[in-house]
Amino acid sequence: MYTSRKKIHKDKDVEPTEFEETVAQALFDLENTNQELKSDLKDLYINSAVQIDVSGNRKAVVIHVPYRLRKAFRKIHLRLVRELEKKFSGKDVVLIATRRIVRPPKKGSAAQRPRSRTLTSVHEAMLEDVVYPAEVVGKRIRYRIDGTKIMKIFLDPKARNDTEYKLETLSGVYRKLSGKDVVFDVLTCGLPAVDGDMELLFRLGLDKDNPTLL
């Protein structure tokens, strides 16, 4: 029998939490009642879901989806997030592809680690997922006097209506998942000039893996 449990597949057949079952049920209901999403959701499922506290009393629903299904989820991202945020009233919904970080091989080992499985690459890919459908167009790294640093991420204004209302949530989610302090802002009219403490400003060109230092 086709039930909501078909909408969540966890590793090693681990039982889903009560909250994960709630999210799976929401997806199941949308598939059966929303004609706009019905056909697209038919073969989609999630890996996990968690509710986290962000700024103030605000909460976010973070849903991990299978990496191989990320493109299918992105196809319906805006519609799906809109409907899920209706069901989880007052909570922002963020979809992230499940990725695994592989430890560096031991010294002298012939084994090679795929670049996509490094900590840096996974965090960069996670950043793109968190802000989707917006794109990162610039980064500023500020080094504080005490040696700590905070990264400011500038987003493409084309997706302003879909991201601006939950910028604080996106910062909280990314901080929770990566341990990095970030602040998101929607770019208005060009990247701002460098000021304040020691700062490095990056403008991302066509090759996002090789930003140029201004």
A.B. asks: Report the distance from atom CG of D29 to atom CG of L84, rounding to the nearest 0.5 Å.
C.D. replies: 10.5 Å

A.B. asks: Return the set of residues passing side chain to side chain contact (heavy atoms under 4.5 Å, CB included) with K176 (not counting sequence neighbours), or none when no residue passes.
C.D. replies: I52

A.B. asks: Is the shortest side-chain heavy-atom distance between T169 and V173 below 4.5 Å?
C.D. replies: yes

A.B. asks: Drop me the distance from L155's CG to F184's CZ, to the nearest 0.5 angstrom.
C.D. replies: 6.5 Å

A.B. asks: Quick one: side-chain hydrogen bond (donor to acceptor under 3.5 Å, both in side chains) partners of N57, sequence neighbours excluded?
C.D. replies: none

A.B. asks: Report the residue from H123, R175, M151 that forms a side chain to side chain contact (heavy atoms under 4.5 Å, CB included) with K180.
C.D. replies: H123

A.B. asks: Supply the atom-to-atom distance I8 CD1 to T22 OG1, rounded to the nearest 0.5 angstrom.
C.D. replies: 10.0 Å

A.B. asks: If only atom types and distance count, is the side chain of T98 paired as donor or acceptor with the main-chain N or O of V65 below 3.5 Å?
C.D. replies: yes

A.B. asks: Please walk me through it: do E21 and R5 pass salt bridge (charged side-chain N to carboxylate O under 4.0 Å, His left out)?
C.D. replies: CA-CA 7 Å; E21 289 182 342; R5 291 296 293 269; 3.6 Å; yes

A.B. asks: Does K7 come within less than 4.0 Å of E31, counting only side-chain N to carboxylate O?
C.D. replies: yes

A.B. asks: Begin with the C-alpha distance, continue with both residues' side-chain angles, and end with the deciding distance and a verdict on side chain to side chain contact (heavy atoms under 4.5 Å, CB included) for I63 and F73.
C.D. replies: CA-CA 11 Å; I63 302 173; F73 270 100; over 6 Å; no

A.B. asks: Closest heavy-atom contact between I96 and M126?
C.D. replies: CG2-CG, 4.2 Å

A.B. asks: To check you understand the geometry: which heavy-atom pair defines the closest contact between Y67 and R99, and what is its length?
C.D. replies: CE1-NE, 3.8 Å

A.B. asks: Starting from V183 and following side-chain heavy-atom contacts under 4.5 Å between hydrophobic residues (I, L, V, M, F, W, Y), which residues can be reached?
C.D. replies: I150

A.B. asks: Which atoms form the tightest heavy-atom contact between L170 and V131, and what is the distance?
C.D. replies: CD1-CA, 4.3 Å

A.B. asks: To the nearest 0.5 Å, what is the distance between CZ (R160) and CG (L187)?
C.D. replies: 9.0 Å

A.B. asks: Applying side chain to side chain contact (heavy atoms under 4.5 Å, CB included) to L69 and I46, what does each step give before you reach the verdict?
C.D. replies: CA-CA 9 Å; L69 296 179; I46 66 174; over 6 Å; no

A.B. asks: Hydrophobic clustering (ILVMFWY, side-chain heavy atoms < 4.5 Å, transitive) - are I141 and Y174 grouped together?
C.D. replies: yes

A.B. asks: Provide the closest heavy-atom pair for H64 versus A97 in the form atom of the first, atom of the second, distance.
C.D. replies: CD2-O, 4.3 Å

A.B. asks: I would like to know whether I76 and L44 meet side chain to side chain contact (heavy atoms under 4.5 Å, CB included); could you show each step before the answer?
C.D. replies: CA-CA 11 Å; I76 59 172; L44 299 184; 3.9 Å; yes

A.B. asks: Side-chain heavy atoms under 4.5 angstrom apart, residues restricted to Ile, Leu, Val, Met, Phe, Trp, Tyr: same cluster for L41 and L78?
C.D. replies: no

A.B. asks: Set out, in order, the CA-CA distance, both residues' side-chain angles and the distance that settles salt bridge (charged side-chain N to carboxylate O under 4.0 Å, His left out) for K139 and E124, then state yes or no.
C.D. replies: CA-CA 12 Å; K139 295 180 183 178; E124 283 294 317; 2.8 Å; yes

A.B. asks: With the side chain counted from C-beta on, respond yes when I153 and D185 share a heavy-atom pair under 4.5 Å apart, and no when they do not.
C.D. replies: no

A.B. asks: Can you find a heavy atom in the side chain of V186 that is under 4.5 Å from one in the side chain of F154?
C.D. replies: no

A.B. asks: Between the main-chain N or O of Q51 and the side-chain N or O of K59, is there a donor-acceptor pair closer than 3.5 Å?
C.D. replies: no

A.B. asks: Applying side chain to side chain contact (heavy atoms under 4.5 Å, CB included), can you list everything that pairs with R82, at least two apart in sequence or on another chain?
C.D. replies: E36, R79, K86

A.B. asks: Side chains of L30 and L80: does their closest heavy-atom pair fall under 4.5 Å?
C.D. replies: yes

A.B. asks: If I compare all heavy atoms of V81 with all of V93, which pair ends up nearest, and what's the gap?
C.D. replies: CG1-O, 3.9 Å

A.B. asks: Would you mind reporting whether K152 and V182 have side-chain heavy atoms less than 4.5 Å apart?
C.D. replies: no

A.B. asks: Are any of the side-chain nitrogens in E20 or K10 under 4.0 Å away from the carboxylate oxygens of its partner?
C.D. replies: yes

A.B. asks: Between R142 and D181, does any side-chain N to carboxylate O distance fall below 4.0 Å?
C.D. replies: no

A.B. asks: Does the pair K166/E85 count as a salt bridge with the N-to-O cut at 4.0 Å?
C.D. replies: yes

A.B. asks: Which heavy atom of T163 sits nearest to which heavy atom of A134, and what is that distance?
C.D. replies: CG2-CB, 3.8 Å

A.B. asks: Might you work through the side chain to side chain contact (heavy atoms under 4.5 Å, CB included) test for D92 and V61, ending with a clear yes or no?
C.D. replies: CA-CA 6 Å; D92 297 320; V61 177; over 6 Å; no

A.B. asks: Among all residues two or more places apart in sequence or in another chain, which pass the ring pair (Phe, Tyr, Trp, His ring centres under 6.0 Å) test with H9?
C.D. replies: Y45

A.B. asks: With a sphere of 6.0 Å drawn around NZ of K149, does it hold more than 12 non-hydrogen atoms of other residues, nucleotides or ligands?
C.D. replies: no

A.B. asks: Listed by chain and number, what are the ring pair (Phe, Tyr, Trp, His ring centres under 6.0 Å) partners of Y132, not counting sequence neighbours?
C.D. replies: H77

A.B. asks: Check this for me: does any side-chain nitrogen of one of R74 and D129 sit under 4.0 Å from a carboxylate oxygen of the other?
C.D. replies: yes

A.B. asks: Roughly how far, to the nearest 0.5 Å, is the CG atom of L37 from the CD atom of E83?
C.D. replies: 6.0 Å

